[in-house]
Number of protein chains: 2
Amino acid sequence: MLSGEVAPEMPTFLLACRRERVPRTPVWFMRQAGRSLPEYRKRRGAGTLLEAIHDPELAAELTLQPVRRYGVDAAILFSDIVVPLDAIGFGVDVVQGHGPVVERPFRSSSDLSRLRELEPGVDVPYVIETVEAVVRELDGTSIPLIAFAGAPFTVASYLIEGGPSRTFGRVKALMHSDPRTWGELTSRLAELAGSFLRAQVESGARAIQLFDSWAGSLSPVEYERYALPATSQVIESVRDLDVPIVVFGVGTGELLALMASSGADVVGVDWRVPLDEARRRVGSNHAVQGNLDPSICLAPWSVVEKEALLVLDQAGEEPGHIFNLGHGVLPETDPGILHALVDLVHSNGRAGVVR
Amino acid sequence: MLSGEVAPEMPTFLLACRRERVPRTPVWFMRQAGRSLPEYRKRRGAGTLLEAIHDPELAAELTLQPVRRYGVDAAILFSDIVVPLDAIGFGVDVVQGHGPVVERPFRSSSDLSRLRELEPGVDVPYVIETVEAVVRELDGTSIPLIAFAGAPFTVASYLIEGGPSRTFGRVKALMHSDPRTWGELTSRLAELAGSFLRAQVESGARAIQLFDSWAGSLSPVEYERYALPATSQVIESVRDLDVPIVVFGVGTGELLALMASSGADVVGVDWRVPLDEARRRVGSNHAVQGNLDPSICLAPWSVVEKEALLVLDQAGEEPGHIFNLGHGVLPETDPGILHALVDLVHSNGRAGVVR
C-alpha cells in the first residue's frame, strides 16, 4: 500500500468512466511511465522495452513510479501493443526512438498460420505477475490499474508494414484488395487482445484501454468497414468482466461517433477536437478522456495552466470526463509540469463534480 | 504549345475554383511532378531538390512532365516551401526522403533580423524564368499553372524545429509563450510568401496554392490565433491579382471552416473528411479540392476505381469541386493508376458538370 493513502473508496476514475458523479475530476497521463521521469531512466537501464516488460519486478516498479510522483488517479500497465505478438513468437521487437519492428512482416493469407492463440498462463506469466504485484501495491488505495492492449487495426498495421509507417500503403492495399484475409487477420488479433486483457483483469486490473493509435489514418468508411468490427469483437469478448473500456486513437475527429458505437464506455480524444464538440459526437451515453496537447506541456507553466483550464471548461459540467493528454507524454516533458497539472485538474475540474 | 491541344477555353480548373459550371470535373495531383514518374527520375539526376529548382530548364521540364503524361487540368510549379528562405540566405536544405533542414533554427526574437524581404527579380530569377518557360509551353492550351508557396505557420514550424517534427513542441512553446515574436515571425513569412506568389502570378501563373501542410497539428483555437492571421495576410496581399487561391493542409477536419474564413477561394481537404461533410464545413461560398487517399493508389485498379467513385459521389452535384488526392502522390505509385484516374474523373465527375 502506498504511503499517505487512506481507506479505499470507489475510484474517481471508474466513477467518471461510468458517467457518475465524482468528488473531483480524475486525471492520468498516457505514457506517464516513461522517459520523462528521472526515476524511470535510472531504473530502466540499457535493456530493451520488451526485456523490461518481461521482468515483473521492474515492470511493476515502472508502472507505479508515476502514481507515486504525480498523484494520478489511475495506473496503467507498463506494456506495449506488440507484447501478445512477441509472446506467441511472431518475431517483433521495439526499437528505442523508432517503435515496433517485425522481422518477417505479414504479407498474405499464408502468414495467418503464424498467429496462434494466446495462453496467458504459459505465454505471458510475467504480465500476470506484474499485474498482481501492482495490484498488491495499490491495494487499499482508490487507484485502479488499467489493463493495456493494442486494437486490432493498429497491431495489424505494424504487422503488415513491418514497423511504423507514415502512409499505411501496404495496410490499405491489403484491406481493400483482400478483405477476407484482412478480416481473418484482425479477428485473430481481436482474440489475442481479448485473451490478453482477460488475463490482466482476472489478475486485478479494473479497467481496460484499447490503443488504436493509427486509426486516424482511416477515412470513416474505412474505419467502419475494416477496423470497427474487430475492435467491437475485442470489447464483446471482455464485456462479461464488467470493467469500463476506453478506446483511443490520434487524429480520430471524424471517427468519434463510430468509436463510441464499438461498445466502449469511454472515447479518448486528441487535442484537435475540442471536448464540447467531442461530447456531441460520442453522445451522452459515453464518457470522454482527454485532451491537452502534450506539446503544450513543453511550454512554461502559465501557458500549460491556461490551456488546461480551457480543456476543463470545454469538458463542461455533465459527468463523464477523465482528464488526460491528447497523446502520450513527450520524453522531454518536465515532471514538475505534470505534477502541477494533476493539482490543477483536481482543483478546477467541474464535469460531474460534487463539491 | 503541347501537341494535340486545340484552341484555349476558360480552364476547367479555374471555373471550378470559382464555383462555375464546367464541361467536366478538373483533376490534378499534389506532387504530380515527382519520383513516381520514370521520366522524373531520369531527368532529376543526383542533384539536390534545391539545385533542380535553381535550374529553370530542368524545373520547367519537371513541372510539365505530369501534364504530358496524365492529361491533368493544371500544372503546379515544381518548387518547395523553403525556396524563399533559401533565396534570402536563411540557410536551409531539403534532404531526400527526410525533408527541409535548417542549419541554424529560429529560436528567439534575435533571429528575426535574419529574415529580410524578398526581391524576386534579384533573389529568385530562376523561379521567374521557370514560370515563364512553363507558361510559354502551356500557351494555347486550357491548362493553367498554379503558383506555389508554403503558408507561414508551416514554414515557421520548419524554421523553429530545424526540420520535420512529429510533435511541434518547440513551435507550440514559442507561439504560446512569446506571441509577439511569433506574430512578427509569421508576419514576415507572410510578406515573403506574398512577394514570392506575386512574382509567379505576374510571370503568368493563373492560380495560387498555399501549402499549410502541418496546420492539422493545431487545435482550432491555436489555428485561429496563431496560424490564420498570417495566412489571411498572404491572401490579402495577393487578392488584387485576381487569381483563385487554394489553401491546403493535412488532418485539418476541425479547421476547415476557419481555413475558409482566410479569404481563400478553395479549401483542400484530406481523405479523413468525406467531401459532403467538408462542403458543409467550408460553406457554399467555397470550392473544395480533394480527396482520394494517396495510399489507396497503391492498391489494384478495381479498388482505386471504387474509392474514386465514392469521392466523386460525396462531392455531389453543386459546382466547386476539383478532384485531387488528399495529400501528395506517394513515390511508389504506378503512373498508370494516376492516368486511369484522370480519365475516370473526367468521365464520372458530376459537380457543376454541364453535359
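Residue numbers start from 1 in every chain, and the chains themselves are labelled A, B, ... in the order their sequence lines are given, proteins ahead of strands.
Residue with the most contacts toward chain B among A:L330, A:L174, A:D270: A:L330 (heavy-atom pairs, distance under 4.5 Å).
With a 4.5 Å cut-off on non-hydrogen atoms, A:V221 touches chain B through its side chain but not through its backbone. Both the backbone and the side chain of A:V273 come within contact range of chain B, judged by heavy atoms closer than 4.5 Å.
Rounded to the nearest 0.5 Å, atoms OG (B:S219) and CG (A:N291) are 9.0 Å apart. Note that CZ of B:R272 and CZ of A:R272 are 8.0 Å apart. Values are rounded to the nearest 0.5 Å.
Counted within 6.0 Å of CZ on B:R31, heavy atoms from surrounding residues, nucleotides or ligands total 12 or fewer; the atom is thus considered open. Open room surrounds CD on B:E224; 12 or fewer heavy atoms of other groups in view lie less than 6.0 Å from it. Residue-environment remark: CZ (B:R104) stays at or below the threshold of 12 foreign heavy atoms within 6.0 Å.
Taking non-hydrogen atoms and a 4.5 Å limit, the residue list of residues 294-302 of chain B in contact with chain A, ordered by number, reads B:S295, B:I296, B:L298, B:A299, B:P300. Among residues 249-257 of chain B, the residues having any heavy atom closer than 4.5 Å to a heavy atom of chain A are, in sequence order, B:G251, B:G253, B:E254.
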Output a table of donor-acceptor pairs, distance under 3.5 Å, between side-chain atoms of residues 154-162 of chain B and any protein atom two or more places apart or on a different chain; print 'none' if there are none.
residue	atom	partner	partner atom	Å
B:T154	OG1	B:D212	OD1	2.6
B:T154	OG1	B:S213	N	3.2
B:T154	OG1	B:W214	N	3.1
B:S157	OG	B:F153	O	2.9
B:Y158	OH	B:W214	NE1	2.9
B:E161	OE2	B:G169	N	3.3
B:E161	OE2	B:R170	N	3.1
B:E161	OE2	B:V171	N	3.1

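Within the structure, side-chain hydrogen bond (donor to acceptor under 3.5 Å, both in side chains) contacts touching residues 320-337 of chain A (residues at least two apart or in different chains) do not occur.
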